[in-house]
Amino acid sequence: MSLSSPLPDLCTPPETDDRFAALDKLEALSEELRKHLTRRKSNTFALLAAKAFREGRIEAAGRAAMRAVDHDDTNVAALQLLARYLERMGYAHKALVTYERAYQLDPTDPDVILNLGVAAYELGEFETVVKMSVMYNTMCPNSPYGYINLVHALSSLDKHEEAINVLADAIRRIPGNAMLWCTLGVLLTDAGRTDESFVFFEEALRLSPTIGRIYHNMGYALHYAGRFQEGLDIFERALEVAVDPVEILEMDHSRGACLLGLGRIEEGFAVNEIRVNERFRNKVIHVVNAPYWKGEEATGKKILIMAEQGLGDEIMFANILPDVARAVGPDGKLFVAVDPRLVSLFQRSFPNAHIGPHDDRSLYDQNGRKDLRLASFATDENKPDYWALMATPHCWLRKRIEDFPHETFLTPDPVRVEDFRQRLEKGGPGLKVGICWRSMLLKSNRSRFYSPFDLWGPILQTPGVRFVNLQYGDCAEEIAHIEALHGVKIEVMEGLDLKNDIDGAAALSAAVDLVISAPTASATIAAGVGTETWFVTASRVWPQLGTDEFPWYRKTKVFYPDKSSGWAELLSQVAESLAAHRPA
């Protein structure tokens, strides 16, 4: 009887590779199971994040999205939710990088392509938005989102006609989508065709009466049409249906502008404080080592007031500085940070205050760009006890229209004023009227705020009136064109840089008898130095505070078209008023 062959022990090499193949399959199955379980955990948190977003719980959504990505950093859906959270928190660059990671993982996912375009828009990369939107529209031709993003990008690139054509084609393709109709309303509003826009907003609301953004955009149009009560009603309706906290802040802030426009001053200024909320969109970070002033007792304190927004607003809100100086008293100290061009004018106007330039900087880090504003002179021994933005003290010092003193608050250089007066006198007799017809920034949707200069003929041809240029920036060609078109002469003060020499602009404004201007910094300078100023606006505006003037200044008048008239008729009315204004 023969002996059996010995059994191979566990360390005996196999005679073939079949066992290794089986082990490889087992390992692959194990890895697949691990990935499945990991993705399952990740998806669980992703679903929680999506639910939190829908309910407006942004921070909870962010925490869940981060957990989802921690479990599986290849989960495209989780990456998109995390990027969306980063957008909401203002980390635009970080959001873009996260969307790009998702795109690398799946360049065929239309949602990734769409969201990548949205992130690029927030960073001003409009050409990228166009590219992503076109890709999305090719993949999803019956979805409205790509068309909407494409339209906004084209509009930002000043391709307005192309934007309107894209939107018209999209509405023909998807007539039942409310946001397409809403977007058309926004485009028309930005083009200055506000009255036409409302029918499209109304159609959008008929289709989807619970979308807060539609109400918000309609309120925006009503506000710029000077229809403040209707705008207020719409913004309040928007707040009833909105869930996103960031959108709610912006809607409420817009509601505040309507309140001010209605003359509900105390309420309006209180709501305006939303702009200091750290979640408010486009908020500038003010680097000040002091608590924010909310009306606490200021006697004997050091108070820093930081100017905000543009040059015109810095001047307009400065009407409050004499009141703040009185609140500080002789034992306190008032520091004011303004545009560097305003320092000398403000120091002369408010001699008991310490006026210095604010320093604007941009900080770039892994989270993108942050806009910073500093007041380097208000440090060390000048460190303030409190600080505030310049509009904030209006909350407790300007509660009623009667609280506006209607006084001159800017003091031009008397030597330069006299010099300009003598130079103007050499030009002969006549009422000397300073004019400014537009802002320097006319790109995109801003031109709708300003009357076309070609239509100023009735004003410029008024007998017995001499016109002096107060338009800042390069306007020589415009002046030459208007002089040839209307056969008039516009006097230009040679050697005066009206854009950068604000002290000189203030002196010239004080040397003329009257100023007629669009709502620009030139108008606020003239009104601030006490020269009677006529504002020519596209509609009623909120700084009128429910009145027929600008209460911030000594003597003003406001001209704006009514529903039945346009710019030509309005400018003829200004000409009639000017003719009547001439001395006998």
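Reckoned from all heavy atoms, side chains included, excluding hydrogens, waters and symmetry mates.
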- Query: Would a 4.5 Å heavy-atom cut-off, applied to side chains only, mark Met139 and Pro110 as touching?
  - Reply: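 Side-chain contact under 4.5 Å: yes.
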- Hey, are the side chains of Leu150 and Val130 touching, using non-hydrogen atoms and a 4.5 Å cut-off? yes
Are any of the side-chain nitrogens in [X] or [Y] under 4.0 Å away from the carboxylate oxygens of its partner?
| X | Y | answer |
| --- | --- | --- |
| Arg398 | Asp403 | no |
| Glu273 | Arg275 | yes |
| Lys94 | Glu87 | no |
| Asp70 | Arg67 | no |
| Lys131 | Glu127 | no |
| Asp548 | Arg540 | yes |
| Arg361 | Asp359 | yes |

- Message: Does Arg227 qualify as a cation-pi partner of Phe198, given the criterion of NZ or CZ under 6.0 Å from the six-membered ring centre and within 45 degrees of its axis?
- Response: yes
- Are Arg438 and Phe453 in a cation-pi setup, meaning NZ or CZ lies under 6.0 angstrom from the ring centre and within 45 degrees of the ring axis? no
- Counterpart residues, side chain to side chain contact (heavy atoms under 4.5 Å, CB included), relative to Thr547 (two or more places apart):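 Side chain to side chain contact (heavy atoms under 4.5 Å, CB included) list for Thr547, sorted by chain: Ile401, Gln544, Glu549, Pro551.
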- Val69: partners by side chain to side chain contact (heavy atoms under 4.5 Å, CB included), with sequence neighbours left out: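 Partners of Val69 by the side chain to side chain contact (heavy atoms under 4.5 Å, CB included) criterion, ordered by chain and then number, come out as Asp73, Ala78, Leu79, Leu82.
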Under the 3.5 angstrom rule, does the side chain of [X] hit a backbone N or O of [Y] as a donor-acceptor pair?
| X | Y | result |
| --- | --- | --- |
| Ser572 | Ala568 | yes |
| Glu230 | Leu222 | no |
| Ser133 | Val129 | yes |

- Query: Phe235 and Tyr215: aromatic ring centres closer than 6.0 Å?
  - Reply: no
- Taking the six-membered ring for Trp, is the centroid-to-centroid distance between Tyr103 and Tyr99 below 6.0 Å?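 No: the rings miss the under 6.0 Å criterion.
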For [X], look at atom [atom1] and say whether over 12 heavy atoms of other residues, nucleotides or ligands are found less than 6.0 Å away.
| X | atom1 | value |
| --- | --- | --- |
| Glu59 | CD | no |
| Glu240 | CD | yes |
| Glu278 | CD | no |

- Item | Parallel, tilted or perpendicular: rings of Trp552 and Phe404 (30°, 60°) |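 Ring orientation of Phe404 relative to Trp552: perpendicular.
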- Among Tyr560, Phe559, Phe550, the one residue meeting ring-ring contact (aromatic ring centres under 6.0 Å, His included) with Phe535: Phe550
- Message: Applying salt bridge (Lys or Arg N to Asp or Glu O under 4.0 Å) as the test, list every pair that has at least one member in residues 169-188; sequence neighbours left out.
- Response: Asp169-Arg172
- Query: Could you state the interatomic distance from NE2 (His160) to OG (Ser155), rounded to the nearest 0.5 Å?
  - Reply: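 It is 5.0 Å, given to the nearest 0.5 Å.
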